[in-house]
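Counting starts at 1 for both ligands and their atoms, following the listed order. Counting begins at 1 with the first residue of the sequence.
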Amino acid sequence: MRPAAFLDRDGVINLDHGYLYRWEDFEFVPGSVDALRRLQAAGYALVIVTNQSGIARGYYDEAALQALHDALRHHLASQGITLAAIEYCPHLPDGTVARYAIDCDCRKPAPGMILRSAQALGIDLAASLMFGDKTSDIEAAERAGVGRAVLLATDANPAAAKGRNPEFTSLADAVDALLHA
Ligand SMILES: O=P(O)(O)OC[C@@H](O)[C@H]1O[C@@H](OP(=O)(O)O)[C@@H](O)[C@@H](O)[C@@H]1O
Ligand SMILES: [Mg+2]
Ligand SMILES: [Zn+2]
């Protein structure tokens with residue numbers, strides 16, 4: 001069993017422009033690539049877990065999302081960084097695309113994406129980390145039994161804290177603190 005760093009995508013790895021689905025619009029949060037590299041070097045499997053309700057809302061389809069994630073994998077691989085998995089939830093209970101308009105077990109704060117990737121990859125959840133910019137990210141991690149969940153207060157989501165105290169303003173700062181603790 002190995003530990004994972006579970007990573008929310010929008011607002012943590014890339015700037016959250018709102019239902020982003022095109023690689024040309026993808027902007028890394030400053031310092032996020034190096035933070036991924038440091039997590040990998042510390043022995044964490046890198047697992048992205050991302051809500052993608054834009055699919056249930058009809059803004060883009062799964063093929064477009066897969067293409068974006070292929071480009072992301074390729075870019076990170078060129079930097080020596082391997083993503084162990086990218087899990088996404090396309091669902092939204094009141095979505096307009098019928099086959100995705102369901103109450104699923106994977107839309108954060110549900111823990112489904114974390115649990116299924118942990119099962120597939122043999123992850124030690126108690127030794128794992130989660131980094132998210134919304135309280136729903138943190139709740140999903142807690143419900144899955146992730147050992148340490150870190151809320152980031154990003155410019156895009158200052159309200160995301162919603163009663164929780166964000167600990168850091170970026171993945172880079174959080175990784176600095178956790179890996180050097
Ligand atoms: O942060 P992750 O989970 O990687 O992805 C979030 C995105 O899917 C979108 O999630 C939406 O929330 P709703 O899904 O509409 O509640 C909004 O917050 C958008 O701004 C955001 O781009
Ligand atoms: Mg997010
Ligand atoms: Zn889902």
Side-chain angles (χ1 to χ4, degrees), residues 4-33 35-36 46-69 71-73 76 83-120 129-144 146 149-162 164 166-175:
F6 293 99
L7 298 137
D8 173 64
R9 200 198 78 190
D10 294 295
V12 174
I13 294 177
N14 58 283
L15 298 177
D16 188 349
H17 293 315
Y19 306 102
L20 180 142
Y21 65 96
R22 298 186 312 173
W23 179 242
E24 51 268 34
D25 297 330
F26 194 97
E27 272 183 274
F28 284 99
V29 172
S32 64
V33 173
L36 293 175
L46 305 179
V47 180
I48 292 177
V49 288
T50 180
N51 283 352
Q52 289 299 318
S53 70
I55 293 171
R57 296 170 186 275
Y59 298 161
Y60 48 90
D61 61 16
E62 289 195 75
L65 184 67
Q66 304 270 16
L68 169 63
H69 287 167
L72 174 60
R73 278 183 189 281
L76 291 175
L83 294 177
I86 303 180
E87 292 281 347
Y88 66 87
C89 166
H91 308 114
L92 185 73
D94 54 353
T96 55
V97 182
R99 69 182 179 285
Y100 299 109
I102 61 168
D103 196 2
C104 67
D105 67 359
C106 47
R107 176 175 163 81
K108 296 173 288 183
M113 289 190 280
I114 296 171
L115 294 173
R116 74 178 174 231
S117 55
Q119 174 76 28
L129 308 173
M130 170 76 183
F131 300 92
D133 69 324
K134 293 184 186 173
T135 55
S136 49
D137 300 322
I138 306 308
E139 187 180 335
E142 290 171 347
R143 287 165 62 178
V146 171
V150 178
L151 180 63
L152 308 176
T154 62
D155 296 346
N157 275 311
K162 287 200 194 101
R164 286 183 187 248
E167 296 178 69
F168 304 95
T169 56
S170 73
L171 180 63
D173 289 352
V175 168

(request) Indicate the atoms forming the closest heavy-atom contact of Cys106 with Arg116, along with that distance. (result) CB-NH1, 3.7 Å
(request) Pull out every atom of ligand 1 sitting under 4.0 Å from any heavy atom of Arg9, numbered as shown with elements. (result) 4 (O)
(request) Identify, by atom number and element, the atoms of ligand 1 in contact range of Ser53, meaning under 4.0 Å from any of its heavy atoms. (result) 13 (P), 14 (O), 15 (O)
(request) Would you check if the side chain of Arg9 reaches a backbone N or O of Ile48 as a donor-acceptor pair within less than 3.5 Å? (result) no
(message) Is the ring pair Tyr19/Tyr59 parallel, tilted or perpendicular, if the boundaries are 30 and 60 degrees?
(response) perpendicular
(request) Below 4.0 angstrom from a heavy atom of Thr50, which ligand 1 atoms are there? Numbered from 1 as shown, please. (result) 2 (P), 3 (O), 4 (O), 5 (O)
(message) With a 4.5 Å cut-off on side-chain heavy atoms, are Phe6 and Leu129 touching?
(response) no
(request) Taking all heavy atoms of Asp10 and all of Thr50, pick out the closest pair and write down the distance. (result) OD2-OG1, 4.1 Å
(request) With heavy atoms of Arg57 as the reference, note each atom of ligand 1 found under 4.0 Å away. (result) 13 (P), 15 (O)
(message) If I apply the N/O under 3.5 Å rule, does Asp137 come out as touching ligand 1?
(response) no
(request) Considering just N/O/S atoms, say which atom of Asp8 is closest to the Mg ion (ligand 2). (result) OD2
(message) Below 4.0 Å from ligand 1: does a non-hydrogen atom of Gly18 turn up there or not?
(response) yes
(message) Checking one value in my table: which N/O/S atom of His91 lies closest to the Zn ion (ligand 3)?
(response) ND1
(message) Under a 4.0 angstrom heavy-atom cut-off, which atoms of ligand 1 come close to Asn51?
(response) 2 (P), 3 (O), 5 (O), 6 (C), 7 (C), 8 (O)
(message) When you measure from the side chain of Ser53 to the backbone of His91, do you find a donor-acceptor pair of N or O atoms at a distance under 3.5 Å?
(response) no
(request) List every atom of ligand 1 that sits less than 4.0 Å from any heavy atom of Asp8, numbering the atoms from 1 in the order shown and giving each element. (result) 1 (O), 2 (P), 3 (O), 4 (O)
(message) Looking at ligand 1, is there an atom of it that comes within less than 4.0 Å of some heavy atom belonging to Arg107?
(response) yes
(message) As a test of reading the structure, name the N/O/S atom of Asp133 that is nearest the Mg ion (ligand 2).
(response) OD1
(request) With heavy atoms only and a cut-off of under 4.0 Å, state how Asp10 meets ligand 1: side chain, backbone, both or neither. (result) both
(message) Quick test of your reading of the structure: of Lys134, His91, Gln52, whose heavy atom lies closest to atom 17 (C) of ligand 1?
(response) Lys134
